[in-house]
Amino acid sequence: MPAETSGLSRRRLLLGGAAAGAGAAITLGAERTGLLPGSMAAASVDTAGVNGARIVPFHGAHQAGVTSTPGAHATYLAFDLLPATDRERLRAWLRLLTDDAARITQGRGALADLEPELAVRPAGLTATFGVGREAVVRAGADAPAWLGPLPAFPEIDALEDRWSHGDLMVLLHGDDPTSISHLARMILRDSRSFATLRWRQTGFRRAYGSDASGTTMRNLFGQVDGSRNPRPGDDAFAAAVWAGDEAPAWLRGGTSLVLRRIAMDLEGWDEVGREGREAAVGRRLADGAPLTGGSERDEVDLDATGPNGFTVINPAAHAARAHVADPAQGIVRIGYSYDDPVEAGAVDGEGRPAVSNTGLLFGSWQRDVDAQYVPMQERLAQADLLNTWTTPIGSGVWAIPPGCEEGGFVGETLFT
Ligand code: HEM
């Protein structure tokens with residue numbers, strides 16, 4: 001166990017000695033000035049509510065939650081269809097949910113909304129709908145071969161049903177948890193006679209305004225996570241994400257979502273020194289730059305060797321194992337952290353009462369799950385240094401239909 005991160009030395013650092021005194025002075029100084037390391041100036045406050053009023057258009061060729069910058073908060077809902085929800089009822093349900101989403105994301109109350117005031121601050125709210133195989137079958141459409149549970153990855157998986165699958169998935173993301181909550185409630189209310197809620201998962205990134213916009217998120221291991229993601233509008237994004245002629249006609253202009261709930265063992269991670277943490281991914285913690293040099297958005301150089309003749313990046317490092325040379329064969333990740341209450345009786349890796357229940361809601365968009373996601377996940381399951389501290393506990397795959405125009409509804413192409 002590296003001395004600088006052991007529980008004992010942390011306590012020493014905090015409770016005794018000259019080092020603790022110096023640390024306390026630095027912290028106090030930072031509080032006084034409002035400045036923290038890395039910040040440029042004291043934070044200002046957005047008193048005008050400009051971000052609250054921000055609207056991401058709902059209608060368009062693609063669903064807006066795929067193409068817009070992920071908001072600070074996310075709620076995922078997954079439903080199981082009731083037996084009586086046949087083709088016609090499914091169509092009616094999708095039309096109803098689209099109407100709720102089209103109104104509330106634009107800052108207007110839903111039909112028969114008793115709290116329309118909750119809708120007036122969408123703060124970039126988007127709603128993205130995805131269908132599972134059963135929904136496609138009930139609609140009478142052809143399902144792509146990849147639509148269904150991922151193959152098992154016995155080396156790593158500890159999947160629980162309560163976080164997995166679902167016939168319909170809704171992802172709500174935006175910067176205001178109140179507007180997300182309101183849209184979620186309208187969707188739940190309007191779903192009662194069509195489906196039952198299977199699970200609900202929530203996640204977060206830094207609050208709006210904490211970082212300059214466009215800053216890559218940090219996950220709860222403290223890593224800069226998402227650096228190599230293509231951005232909406234890039235050719236690489238389009239090549240990786242949008243389903244084309246190879247997909248059933250109803251899915252063209254849509255994509256797929258894989259969602260993995262991945263538990264992160266923060267207590268185990270506590271035992272790892274900074275060097276080991278950086279080696280596990282192949283990137284620096286401070287700024288996300290590759291260990292082979294350059295800056296955050298640069299690729300890691302997997303062939304560069306050090307003075308000892310070994311590659312600088314461990315071939316089992318996460319970024320090495322996940323890397324694909326051709327962006328069209330890659331995926332676009334959308335991650336949200338979760339930090340939930342510890343469940344009764346939970347223990348950590350040492351058998352002590354657990355103090356955290358944390359992880360990543362790992363989402364990824366790709367045209368074709370079998371061609372893009374599965375080979376990558378197979379490589380990571382076989383060898384990835386990060387596997388020591390991560391465990392997938394939930395999993396689901398949905399087809400994400402294209403967007404719709406005003407008057408239409410998401411999923412309408414399933415019925416034509
Ligand atoms: C809790 C689990 C995970 C954590 C903490 C994690 C963290 C990271 C970090 C810190 C990076 C480097 C920065 C970046 O390029 O974003 C990265 C890269 C990447 N990760 Fe993950 N990741 C996790 C799970 C996954 C999974 C399940 C997949 C896909 C099956 C995946 C695919 C990728 C890809 C494709 C890259 C970019 C590789 C490159 O080309 O450099 N990650 N991840």
Side-chain angles (χ1 to χ4, degrees), residues 51-60 62-79 97-98 100-107 110 118-130 163 166 168-188 197 199-211 213-220 225-226 229-233 237 241 254-262 331-340 359-366 394 396 398 400-401 403 410:
N51 189 53
R54 189 167 60 85
I55 286 174
V56 175
F58 179 81
H59 296 107
H62 308 298
Q63 294 199 59
V66 184
T67 51
S68 61
T69 308
H73 301 270
T75 290
Y76 282 95
L77 305 170
F79 294 90
L97 297 192
T98 299
D100 287 341
R103 287 167 189 271
I104 294 180
T105 58
Q106 306 306 290
L118 294 182
V120 301
R121 288 283 173 266
L125 178 61
T126 64
T128 305
F129 298 93
W163 306 122
L168 186 92
M169 180 287 312
V170 189
L171 163 60
L172 308 178
H173 70 71
D175 287 333
D176 186 313
T178 301
S179 58
I180 292 179
S181 161
H182 186 57
L183 179 50
R185 199 173 88 78
M186 291 299 113
I187 287 175
L188 289 163
L197 182 69
W199 50 251
R200 177 177 185 148
Q201 304 189 48
T202 55
F204 58 88
R205 300 173 156 216
R206 284 213 199 275
Y208 171 79
S210 291
D211 264 332
S213 73
T215 305
T216 311
M217 74 171 267
R218 280 191 189 264
N219 63 38
L220 295 182
D225 189 348
N229 253 351
R231 307 212 166 154
F237 184 99
V241 172
T255 184
S256 70
L257 174 76
V258 172
L259 176 66
R260 306 273 282 173
R261 183 179 178 91
I262 305 179
I331 61 176
V332 175
R333 292 164 287 144
I334 171 167
Y336 282 96
S337 299
Y338 70 83
D339 185 1
D340 287 349
L360 188 69
L361 301 181
F362 173 95
S364 70
W365 312 113
Q366 54 278 302
W398 298 272
I400 308 294
V410 176

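Residue numbers count from 1 along this sequence.
Annotation: cation-pi geometry satisfied between R205 and Y336 (NZ/CZ under 6.0 angstrom from ring centroid, within 45° of ring axis). A cation-pi arrangement, defined by a distance under 6.0 Å to the six-membered ring centre and an angle within 45 degrees of its axis, is absent between R231 and F237.
Minimum interatomic distance between P122 and A119 (heavy atoms only, all atoms of both residues): CD-O, 3.6 Å.
Counting heavy atoms from C-beta outward, I334 and H173 have side chains that approach closer than 4.5 Å.
Under a 3.5 Å cut-off, the side chain of T255 and the backbone N or O of V241 do form a donor-acceptor pair. Between the side chain of Q201 and the backbone N or O of W199 there is no donor-acceptor pair closer than 3.5 Å. Side chain of T215 to backbone of D211: no donor-acceptor contact under 3.5 angstrom is found.
At a cut-off of 3.5 Å, with distance as the only test, no side-chain donor of T128 or Q63 sits close to an acceptor on the other residue.
Taking CG of L77 as the reference point, atom CZ of F129 lies at 9.5 Å (rounded to 0.5 Å). Between atom CD1 of residue I180 and atom OG1 of residue T75 there is a gap of 5.0 Å, rounded to the nearest 0.5 Å.
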Hey, mind stepping through D176 and R54 against salt bridge (charged side-chain N to carboxylate O under 4.0 Å, His left out) and telling me if it holds?
CA-CA 11 Å; D176 186 313; R54 189 167 60 85; over 6 Å; no
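We find that D225 and R333 are joined by a salt bridge, their nearest charged nitrogen and carboxylate oxygen being less than 4.0 Å apart.
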